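What you see is a predicted model; the values in this text were computed from it and never measured. Chain A is the first sequence line, chain B the second, and so forth, proteins listed ahead of strands; every chain is numbered from 1.
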Amino acid sequence: MERRDFLASGSGATALALAAASGLSPAYAQNAPGWNKAAFESKSLADAAKAMGATSAPVESKDLLLQAPEIAENGNVVRVGAQSNIANTTQIALVVEKNPSALAAMFEIPAGTDANVSTNIKMGQSSNVYALAKAGDKYFYAVKEVKVTLGGCGG
Amino acid sequence: MNKSHTQVALSAAGLVFAAFFLSSCATAPTAQQVDEATQQVLKSSFREQGIAKMDRLTLDASNQACSEAAGKPLDEKLAKSIEEANLKTVKLPSDGKYLGNWSEGEKIAQNGRGLTWSDKPGEANGGSCYNCHQISKAELSFGSIGPSLYNYGKLRGVSNPASPESKPIVDYTWGKLWNAKAYNACSDMPRFGHASILSEQQIRDVMALLLDPNSPVNK
Amino acid sequence: MKLSLFGPAALAALVALSALPLPAAAQKSTAEGIAEYRAMLADGNPAELYEAKGEALWKQARGPKNASLEKCDLGKGPGVVKGAFVELPRFFADTQRVQDLESRLLTCMEQLQGFSAAEIAKTPFGAGEQKSIESLVAYISAESRDMAFNVPQSHAKEKLMYEVGKKVFYLRGGPYDFSCASCHGEDNKRVRLQDLPNLTKQPGAGNGFGAWPAYRVSSGDLWSMQRRLNDCYRQQRFPFPGYASDATIALGVYMGVNSKGGVSIAPALKR
Amino acid sequence: MSDPMRIRAQAQGDKTTVRVLVSHEMESGQRKDAAGKTVPAWFIQNISATWNGKTVMSAQWGTAVSKNPFVQFSFKGGKAGDKIAVSWTDNHGDKRTDEAVIS
């Protein structure tokens, strides 16, 4: 329920206008219901947090653990995990600063589910990777730099 | 009727296999049988694709000798004659200018493209240098088939590549890039100038990457 | 915020570090970093998706003859999949040929299902029935996971193909003068950050040969050994090796026999 | 037609850990094909998992989730024999649900 409220509060109108202006709309013609388009068009951690509903800038927290390799031999698949030990964590997002769309994934954490998720993401280049967690109405982050290298013959 | 895949392959290698069976039964094949079978197999297996034509399987004397050696060192005399023949192919820069632009050289060293069947004709090739060598220390993704070239010029005391003291190492480096087999008959390194992989100007730029005191390689 | 962590002491330590013989230091941490990256991906190899699909395809009635592959003889008798992968390539009496897994699948798909083997061999990787083969090889190789390679050398043609494979392995040609051995003939070599197994002996042969088919992270596809060899030849700047051609099968025999005792981890996860 | 997911769910103590592999292109919309034309984005946008009808994970994904996606999560409760269902929807409107039994 909380999720629906959250999504409804997103800046849908702005996002639509933006999409039309940038000519992005055809590719996104059939967005799934409830998909937070504005959040997935954000270019930075701060923008992503804002689009997710944050009213103030996220704060770095030691209780949020980000698991990511220091070096990726291929940017197409990078395993990233985030674990929040902050009480009442209800959302965890993964953000790649230098990706064309900074927000990679956003998980809702229902009561009873561990605030600990991992997935594989793509990285276009070396970049800071962030875990972003929502607890109560506050947002927290953890950061790690992941270097993307060229693996093979390159031919 | 189309011949099936199986039949095509059978007919190609069949003759050699048949000959082999007449002469020996389940013992190790003779060197001659292996050579004949290999030739048949190569002929039936490869075809041209894009710019990669079948003449790429025609070996010159160097590649012939090194293929036959199968990883073992060549006979000393044979090695020497191959090296001498390759040394004769080295063309020094037409204008006497050995060094170009090191930053262009870095791009060439990074670029591993060129001359595959998926490459188009007429495009400039890369040098693939980082595939095998460490070069500048900023690039962490480097291979180890060849030796590290980090500090290449510095370690060899090249403070002014134009000076007479530097001449021998500058000449050698040019020759090595042009035709690596001039110094090591079965070197794993391509013959960049001799095989027209890199242009004279591209070789100048790679020379600068290795020998220019201002290149990051020599910092 | 982050920068304040680097007080003068930390900075001094960093400077001291960089005074160490850097190539060695950088290389070690890079190697460790890559090892960490691979370890993290070990759980959740997408090759599993292909294994499941391959098993379904093996059992499904398909092709002009509307038959499954369940009577296909991969060398251990009709329908026996378990353990077949680690004994291929081998000699088959019905075709009078030494065949690798994919060559044999072509035979079965033609004889049992009525597909044209020649047509499939001509189809580009990742398209049409080549896509079915990707999944089939994932399934078949997975059925021999953790088993030791034991590629037979009892038939005269198997012995001949080993020797031909060795010749092909060391054949230097093309504008770059490369052979398979240029990259895979010595221990502890790398191209860029990629470790290059020495395929002339154990343990390199088993590690290299025994990892394919594999899910390739860079292309997001399952690559069979045929596709692996095809791309090696492309990068070797050679002409195009025919799909399941004798040169590729001979190489399979050479690498497979050299892998004796090595354990198959296929389908693995590769860069 | 999409291919089935691979779902592994294991109960240990009071916790169930779920690992899911999804067969999907996850086309980023950034890639160009051989002819130089941009390949349009095609990716899973919503994915969720239920245990005995209760949502135990739900996520929104962008184009940066890797091809053939992997996701791991865990929740309190669940015992051997219980059913886990995972569903996704992509930006083409395609949907798929697969089930697995907790081991």
Side-chain angles (χ1 to χ4, degrees), chain A residues 1 3 6-7 24 26-37 39-42 48 52 67 72 74-83 91-96 98-124 127 129, chain D residues 13-22 24-31 38-78 84 87-96:
Chain A
M1 289 313 103
R3 177 165 162 232
F6 162 73
L7 291 168
L24 272 172
Y28 294 94
Q30 285 193 48
N31 288 324
W35 190 69
N36 189 343
K37 188 164 182 283
F40 284 102
E41 277 167 5
S42 54
M52 285 164 61
Q67 262 200 318
N74 193 287
N76 285 343
V77 180
V78 183
R79 178 67 53 84
V80 177
Q83 179 181 353
Q91 254 182 0
I92 292 181
L94 301 169
V95 176
V96 182
K98 290 194 180 157
N99 272 1
S101 155
L103 178 63
M106 187 162 66
F107 294 86
E108 307 293 323
I109 310 295
T113 292
D114 294 348
N116 184 357
V117 291
S118 57
T119 190
N120 290 342
I121 60 168
K122 298 172 211 165
M123 293 182 65
S127 168
V129 174
Chain D
D14 66 339
K15 210 187 259 186
T16 298
T17 300
V18 185
R19 295 177 183 84
V20 185
L21 274 167
V22 189
H24 201 285
E25 285 298 317
M26 299 301 286
E27 194 60 65
S28 68
Q30 311 277 333
R31 218 170 49 88
T38 302
V39 183
W42 175 31
F43 61 106
I44 293 172
Q45 293 186 310
N46 289 346
I47 182 164
S48 61
T50 57
W51 159 62
N52 290 345
K54 175 190 185 292
T55 298
V56 285
M57 186 276 296
S58 83
Q60 296 181 45
W61 284 353
T63 51
V65 170
S66 303
K67 178 174 178 179
N68 294 323
F70 169 82
V71 61
Q72 178 177 333
F73 63 93
S74 51
F75 62 91
K76 274 201 187 64
I84 296 281
S87 306
W88 56 255
T89 308
D90 69 19
N91 70 323
H92 285 181
D94 287 338
K95 291 171 203 289
R96 182 173 184 102

Partner set under side chain to side chain contact (heavy atoms under 4.5 Å, CB included) for A93(A), not counting sequence neighbours: M52(A), L103(A), M106(A), L132(A)
K67(D) portion near chain A, given a 4.5 angstrom heavy-atom threshold: backbone
Interatomic spacing from CG in N120(A) to CG in N68(D) - rounded to 0.5 Å: 10.0 Å
Straight-line distance of F73(D) CZ to S118(A) OG, nearest 0.5 Å: 11.0 Å
Sub-4.5 Å side-chain heavy-atom contact between E108(A) and M57(D): no
Derivation of the side chain to side chain contact (heavy atoms under 4.5 Å, CB included) call for K122(A) and V65(D): CA-CA 6 Å; K122(A) 298 172 211 165; V65(D) 170; over 6 Å; no
More than 12 heavy atoms of other groups within 6.0 Å of K54(D) NZ: yes
Gap between atom CG of N116(A) and atom OG1 of T17(D) - 0.5 Å precision: 9.0 Å
Any side-chain heavy-atom pair of Q72(D) and T119(A) under 4.5 Å: no
Side-chain heavy-atom pair Q60(D), F40(A) within 4.5 angstrom cut-off: yes
Top contributor to chain A contacts, counting heavy-atom pairs under 4.5 Å, from S66(D), G93(D), G77(D): S66(D)
Rounded distance (nearest 0.5 Å) linking atom CG of D114(A) with atom CZ of F75(D): 10.0 Å
Within 6.0 Å of CD in Q67(A), more than 12 heavy atoms from elsewhere: no
Selection from A115(A), P110(A), A102(A) maximising heavy-atom pairs under 4.5 Å formed with chain D: P110(A)
D90(D): partners by side chain to side chain donor-acceptor pair (under 3.5 Å), with sequence neighbours left out: H24(D), W42(D)
Residue pair N46(D) / W35(A), side-chain heavy-atom distance below 4.5 Å: yes
Interface moiety of N76(A) toward chain D, non-hydrogen atoms closer than 4.5 Å: backbone
Per-residue contact mode, A39(A) against chain D (heavy atom under 4.5 angstrom): neither
